[in-house]
Amino acid sequence: MVLAPTLTLAPLAAQAADGGAVPSAAPVAASSTPGAAQAQHFTPPAETAMPSGDFGQSVKLGEQIFIHTKEYAGQYVGNSLNCASCHLDAGRKADSGPLWAAYISYPAYRSKTGHVNSFAERMQGCFDYSMNGKAPPLGDPVLVALESYAFWLAKGAPVGTDLAGRGYPKLAAPAQKPDYARGAQLYAQHCALCHGAGGQGQSVDGKTVFPPLWGAQSFNWGAGMHEIQNAAGFIKANMPLGLSGTLTDQQAWDVATFMDSQPRPQDPRFTGSVEATRAKYHDSPWSMYGKTVNGHMLGSE
Ligand code: HEC
Ligand code: HEC
């Protein structure tokens with residue numbers, strides 16, 4: 001019973017996860033920035049234009065790491081996600097944290113770290129939090145390959161400007177207060193088929209087909225996706241996979257609230273107390289860390 005949706009939907013996911021098979025213009029046309037459905041985005045080079053030689057090999061390796069992170073960089077990964085689980089079409093898709101827009105935006109100051117981050121340091125952050133792992137040290141071949149891939153995807157992009165489609169879209173404040181119960185209902189209706197009733201995702205032969213949204217194998221409490229406004233923007237623009245843009249903004253807020261009110265791995269910056277960790281790192285209306293939901297204090301799992 002659980003396998004039926006996997007078998008039906010796996011080709012869809014495989015297509016989405018395989019940047020190579022999709023013409024580079026397709027993700028642009030499919031993107032759904034609220035209020036700007038036809039927005040023009042930078043087009044990264046086609047897969048067939050990938051260079052050869054030593055540099056080309058590094059680009060190719062970076063792409064493989066990005067799509068199959070555990071297989072290619074397993075020592076740095078602590079969950080079942082791949083980079084491409086949240087950066088769709090292998091980091092090509094606008095409104096899904098595309099690598100071409102990211103690459104040209106660093107070095108940059110980040111309040112999260114309190115200093116200017118290089119591009120490599122920014123990627124380390126996604127290893128520590130989104131991948132619930134231990135980031136490769138600067139200069140590690142894994143980071144060099146990932147940076148080569150991002151650099152190549154940004155070929156021809158203007159430098160020092162925010163490209164349209166960077167990051168996840170910022171949704172306008174919700175009309176109604178986001179609601180956990182409405183979100184639970186939406187989740188069962190629009191998400192559980194792929195991500196599982198318990199948010200655990202689905203894998204086949206040890207490979208993640210549908211990534212976990214919460215629980216031990218998902219992103220941790222320090223990840224950007226745990227903040228409701230980030231998740232709402234991502235979901236609105238990208239989910240349900242293949243039907244992006246079909247949820248209203250309010251529905252995206254509601255289902256993001258439900259998803260981000262579930263247990264997940266501890267924030268690696270944990271100070272020893274949930275209250276103190278909330279005060280130091282999660283003092284925001286968008287973080288449920290330290291809040292009690294259904295009798296459980298989130299962050300104490
Ligand atoms: C659980 C989801 C998730 C996973 C998995 C993930 N990321 Fe991210 N990533 C995010 C979020 C959220 C942001 C911030 C997006 C924003 O600023 O709107 C981000 C931002 C980034 C940025 C900066 C984007 C920019 O425009 O500034 C880079 C680079 C990046 N991620 C690389 C990676 C790499 C490399 C991996 C795999 C090792 C990875 N990410 C895995 C969620 C994820
Ligand atoms: C048709 C199957 C399908 C449906 C339905 C679907 N998703 Fe996804 N979702 C995926 C796949 C596959 C990915 C990983 C991206 C990829 O591989 O291209 C993903 C990625 C995600 C991610 C980022 C990765 C992670 O694990 O955190 C979030 C968050 C997410 N989905 C939320 C939702 C929500 C909320 C809904 C319902 C509104 C939903 N999805 C419906 C297939 C689906």
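None of these values were measured; they are calculated from a predicted model. First listed ligand is number 1; within each ligand, the first listed atom is number 1.
For the residue pair Thr271 and Thr277, a side-chain donor N or O sits within less than 3.5 Å of a side-chain acceptor on the partner. A donor-acceptor contact closer than 3.5 angstrom is absent between the side chains of His190 and Gln251.
Close approach of ligand 2 to Val209 is summarised as follows: ligand atoms under 4.0 Å from at least one heavy atom of the residue are 12 (C). Listed by number with element, the atoms of ligand 2 under 4.0 angstrom from any heavy atom of Leu247 are 38 (C). For ligand 2, the atoms lying closer than 4.0 Å to a non-hydrogen atom of His190 are 5 (C), 37 (C), 41 (C). Near Met259, meaning under 4.0 Å from any of its heavy atoms, are these atoms of ligand 2: 29 (C). If you number the atoms of ligand 2 from 1 as listed, the ones under 4.0 Å from a heavy atom of Pro212 come out as 25 (C), 26 (O), 27 (O). Taking every non-hydrogen atom of Phe210 and a distance limit under 4.0 Å, the qualifying atoms of ligand 2 come out as 2 (C), 12 (C), 42 (C). Against a heavy-atom cut-off of under 4.0 Å, Phe219 is close to the following atoms of ligand 2: 27 (O). Of all atoms in ligand 2, numbered sequentially from 1 with element shown, those under 4.0 Å from a heavy atom of Pro240 are 5 (C), 6 (C), 41 (C).
Looking only at heavy atoms of the protein, atom 29 (C) of ligand 1 is closest to Phe119 CE1, 3.5 Å. Scanning the protein for heavy atoms near atom 24 (C) of ligand 1, the closest one is Ala102 CB, 3.5 Å. Nearest to atom 26 (O) of ligand 1 among the protein's heavy atoms is Arg166 NE, 2.8 Å. Distance from atom 18 (O) of ligand 1 to its nearest protein heavy atom, with residue and atom name: Tyr168 N, 3.1 Å. Protein heavy atom nearest atom 13 (C) of ligand 1, with residue, atom name and distance: Arg122 NH2, 3.6 Å.
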Residues 220-229 side chain polar contacts: donor-acceptor under 3.5 Å, at least two apart:
unit_1: Asn220; atom_1: OD1; unit_2: Gly222; atom_2: N; d: 2.8
unit_1: Asn220; atom_1: ND2; unit_2: Asp128; atom_2: O; d: 3.0
unit_1: Asn220; atom_1: ND2; unit_2: Tyr129; atom_2: O; d: 3.4
unit_1: Asn220; atom_1: ND2; unit_2: Asn132; atom_2: OD1; d: 2.9
unit_1: Trp221; atom_1: NE1; unit_2: Arg264; atom_2: O; d: 3.2
unit_1: Trp221; atom_1: NE1; unit_2: Glu301; atom_2: OE2; d: 2.6
unit_1: His226; atom_1: ND1; unit_2: Trp221; atom_2: O; d: 3.2
unit_1: His226; atom_1: ND1; unit_2: Ala223; atom_2: O; d: 2.9
unit_1: His226; atom_1: NE2; unit_2: His282; atom_2: ND1; d: 3.4
unit_1: His226; atom_1: NE2; unit_2: Ser287; atom_2: OG; d: 2.8
unit_1: Glu227; atom_1: OE1; unit_2: Gln229; atom_2: NE2; d: 3.3

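Using a 4.0 angstrom heavy-atom cutoff, Asn82 counts as in contact with ligand 1. Residue contact check for ligand 1: Leu81 places a non-hydrogen atom closer than 4.0 Å to it. Ligand 2 lies within reach of Leu213, whose nearest heavy atom is under 4.0 Å from it. Distances shorter than 4.0 angstrom occur between a heavy atom of Tyr106 and an atom of ligand 1.
When heavy-atom distances to ligand 2 are checked against a 4.0 Å cut-off, Phe234 comes that close only through its side chain, counted from C-beta outward. Contacts of Ile235 with ligand 2, taken as heavy-atom pairs under 4.0 Å, involve the side chain alone. By the criterion of a heavy-atom distance under 4.0 Å, neither the backbone nor the side chain of Leu193 is placed next to ligand 2.
The distance from the NZ atom of Lys177 to the CG atom of Asp254 is 10.5 Å, given to the nearest 0.5 Å. Atom CE in Met259 sits 8.5 Å away from atom NE2 in His195 (nearest 0.5 Å). Rounding to the nearest 0.5 Å gives a distance of 14.0 Å between CH2 of Trp253 and CG of Asp179. Between the CG atom in Asp260 and the CG atom in Leu213 there is a gap of 9.5 Å [rounded to 0.5 Å].
Placement of Tyr281 and Phe219 in two distinct hydrophobic clusters is found when ILVMFWY residues are connected by side-chain heavy-atom separations under 4.5 Å, directly or transitively. Transitive grouping of hydrophobic side chains (ILVMFWY, heavy atoms separated by less than 4.5 Å) brings Leu138 and Ile65 into a common cluster. In this structure, Val142 is not a member of the same hydrophobic cluster as Val144, with clusters built from ILVMFWY side-chain heavy atoms closer than 4.5 Å.
Residues Asp249 and Pro174 have side chains not in contact (no heavy-atom distance under 4.5 Å, counting atoms from C-beta outward).
With sequence neighbours excluded, the residues satisfying ring-ring contact (aromatic ring centres under 6.0 Å, His included) with Tyr180 are Phe258. Every residue meeting the salt bridge (charged side-chain N to carboxylate O under 4.0 Å, His left out) condition with Glu71, not counting sequence neighbours, appears here in chain and number order: Lys207.
In the candidate list Ala252, Pro211, Ala256, Pro211 is nearest to atom 11 (C) of ligand 2, counting heavy atoms. Ranked by closest heavy atom to atom 16 (C) of ligand 1, the top entry among Gly167, Ala223, Gly62 is Gly167. Selection from Cys194, Ala232, Gly201 by nearest heavy atom to atom 2 (C) of ligand 2 gives Cys194.
Within His195, the N/O/S atom positioned nearest atom 8 (Fe) of ligand 2 carries the name NE2.
Here Trp214 and Tyr187 bring their ring centres to under 6.0 angstrom of each other.
At least one N/O/S atom of Met239, whether from backbone or side chain, sits less than 2.8 Å from atom 8 (Fe) of ligand 2.
Here Arg278 does not pair with Glu275 in a salt bridge; the nearest charged N to carboxylate O distance is not below 4.0 Å. In summary, Arg92 and Glu63 do not engage in a salt bridge, as defined by a charged side-chain N under 4.0 Å from a carboxylate O.
In this pair, Phe151 and Tyr103 present their aromatic rings perpendicular. The plane angle is above 60°, beyond the 30 to 60° band.
Surrounding CD of Gln185 are at most 12 heavy atoms belonging to other residues, nucleotides or ligands under 6.0 Å away.
Using a distance-only test at 3.5 Å, with no hydrogens or angles considered, no donor-acceptor pair links the side chain of Asn294 to the main chain of His296.
Considering backbone and side-chain N/O atoms, Ser85 never comes within less than 3.5 Å of an N/O atom of ligand 1.
Here the protein contributes His87 NE2, Cys126 SG as N, O or S atoms under 2.8 Å from atom 8 (Fe) of ligand 1.
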